[in-house]
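Okay, so here's the structure we're looking at.
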2 protein chains.
Amino acid sequence: MARANVIQKYRDKGLKLTPQRIAILDFLDGNTDHPSAEEIFSGIKQTNPTISFATVYNTIQALRERGELVEVTIDPERKHYDPNPEPHHHLICSKCGKIGDVFEDFTDALKLPQELLGKFSVTSNHVNFYGACINCSKGN
Amino acid sequence: MARANVIQKYRDKGLKLTPQRIAILDFLDGNTDHPSAEEIFSGIKQTNPTISFATVYNTIQALRERGELVEVTIDPERKHYDPNPEPHHHLICSKCGKIGDVFEDFTDALKLPQELLGKFSVTSNHVNFYGACINCSKGN
DNA sequence: CCGAAGTTTGGAATGATTTTTAATTTAAAA
DNA sequence: TTTTAAATTAAAAATCATTCCAAACTTCGG
Ligand SMILES: [Mn+2]
Ligand SMILES: [Mn+2]
Ligand SMILES: [Zn+2]
Ligand SMILES: [Zn+2]
């Protein structure tokens, strides 16, 4: 998305747009790396050397409240963030930790077994695929 | 499993069996609640008032190294632990946070889309089902 | 029993994340 | 523009789960 459009989009959502926020939005726009807060912070710091962690966390929260950013709970060490709020699944490389996307709806296949049908009503599902990314498969 | 058998099982794995460890093993044996470290700690403290958090974490680690306990990374706030190391999937109640088990192998249904086949080699998968447990559905 | 090796403990340290603070900046209305 | 309330910022402090540490204590084989 063009930067001007990104800015317009968030202005419409009632976000006051500061240079730091624009840098964060810019960094996240189209980003499929599932960065952690720290990774967002250091990515931004290159162009905004004075940005603080609080600003990163504040903005993460503002975006989450507006449904524009999703917390990804896959890495036991830290939270990661996904600027794509569409439901999708993830690949996790057990070697390098890289998180990739899988856009496919498995809902039809993911039926609960009989004995659980009356005990839990499912509203959504999320699949994690563990294995090795191509990079880590090669250098094995 | 009978307590004597549990003890034998871990002795065979080279674990020195202290009263604290036995209490933890006892607490975990057959437990399907996916407790956090804190929940293990307070569950044990009733009968072992002097136990420390470090012991709980030490034992968690010892059991994990022996493949007897699995870290569950579902709750963004804290780690949970599952004494069932068999591959299986989870139900997460979005209301009360309760984590339940789903014993069913969806592997055949969970094929990566064409374009990812050459980019990632999957070794395992894990499905999280989100929704409402029967308790939370009723009191809705 | 003895002793080596492993374990427990309480407290301190760590690391990610959140909250607080006081000063600054902004949006939006006049 | 000017005003003003609300939002934002950077830095510091607080929080919370988890890990580390050094000293005291157990376990278990011999
Ligand atoms: Mn994603
Ligand atoms: Mn389970
Ligand atoms: Zn990799
Ligand atoms: Zn529930």
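Below, chain A is the first sequence line, B the second, and so on; all start at residue 1.
- No donor-acceptor distance shorter than 3.5 angstrom exists from the side chain of D33(B) to the backbone of P35(B), with no hydrogens or angles considered.
- Note on T55(B): a base of the nucleic acid sits closer than 4.0 angstrom, heavy atoms only.
- Nearest-nucleotide positions on DNA chain C place L15(B) closer to the 5' end than the other of F53(B) and L15(B).
- Taking atom CZ of residue R21(A) and atom C1' of nucleotide dA7(D), one finds them 8 Å apart after rounding to whole Å.
- Sequence order on DNA chain C of the closest nucleotides to Q61(A) and T50(B) puts T50(B) first from the 5' end.
- Residue K13(A) contributes atom NZ, which lies 18 Å from atom P of dA7(D) at whole-angstrom precision.
- Relative to the side chain of A54(B), the nucleotides dT18(D), dT26(C), dC21(D) differ in distance, and dC21(D) lies closest.
- Closest to the side chain of Q20(A), from the set dT18(D), dA10(D), dA16(C), is dA10(D).
- R64(A) has its CZ atom 12 Å from the C1' atom of dT17(C), to the nearest Å.
- The nucleotide whose nearest atom lies closest to any side-chain atom of Y57(A) is, among dT9(D), dT8(C), dT17(C), dT17(C).
- At least one donor-acceptor pair under 3.5 Å links the side chain of R21(B) to the backbone N or O of K16(B).
- A straight line from CZ of F41(B) to P of dC16(D) spans 16 Å, rounded to a whole angstrom.
- Following rounding to the nearest Å, I60(B) (CD1) and dT19(D) (P) show an atom-to-atom distance of 8 Å.
- Checked against dC28(D), dT17(C), dT18(D), the side chain of L17(B) finds its nearest nucleotide in dC28(D).
- Following rounding to the nearest Å, Y10(B) (OH) and dT7(C) (P) show an atom-to-atom distance of 15 Å.
- For the pair R78(B) and R11(B), both in contact range of DNA chain D, the more 5′-proximal nearest nucleotide belongs to R78(B).
- The separation between I40(B) atom CD1 and dT8(C) atom P is 14 Å, rounded to whole Å.
- The CG atom of D12(B) sits 12 Å away from the P atom of dG29(D) (whole-angstrom rounding).
- Distances were taken from every side-chain heavy atom of K16(A) (C-beta onward) to each of dA6(D), dT17(C), dT7(C); the shortest belongs to dA6(D).
- The two residues S121(A) and S137(B) come nearest to each other via the heavy atoms OG-OG, 4.0 Å.
- Taking only side-chain nitrogens and oxygens, S52(A) never comes nearer than 4.0 Å to OP1 or OP2 of dA11(D).
- A distance-only check finds a donor-acceptor pair linking the side chain of H80(B) to the backbone of H34(B) [under 3.5 Å].
- Linking ILVMFWY side-chain heavy atoms closer than 4.5 Å, directly or via other members, places Y81(A) and L91(A) in two distinct hydrophobic clusters.
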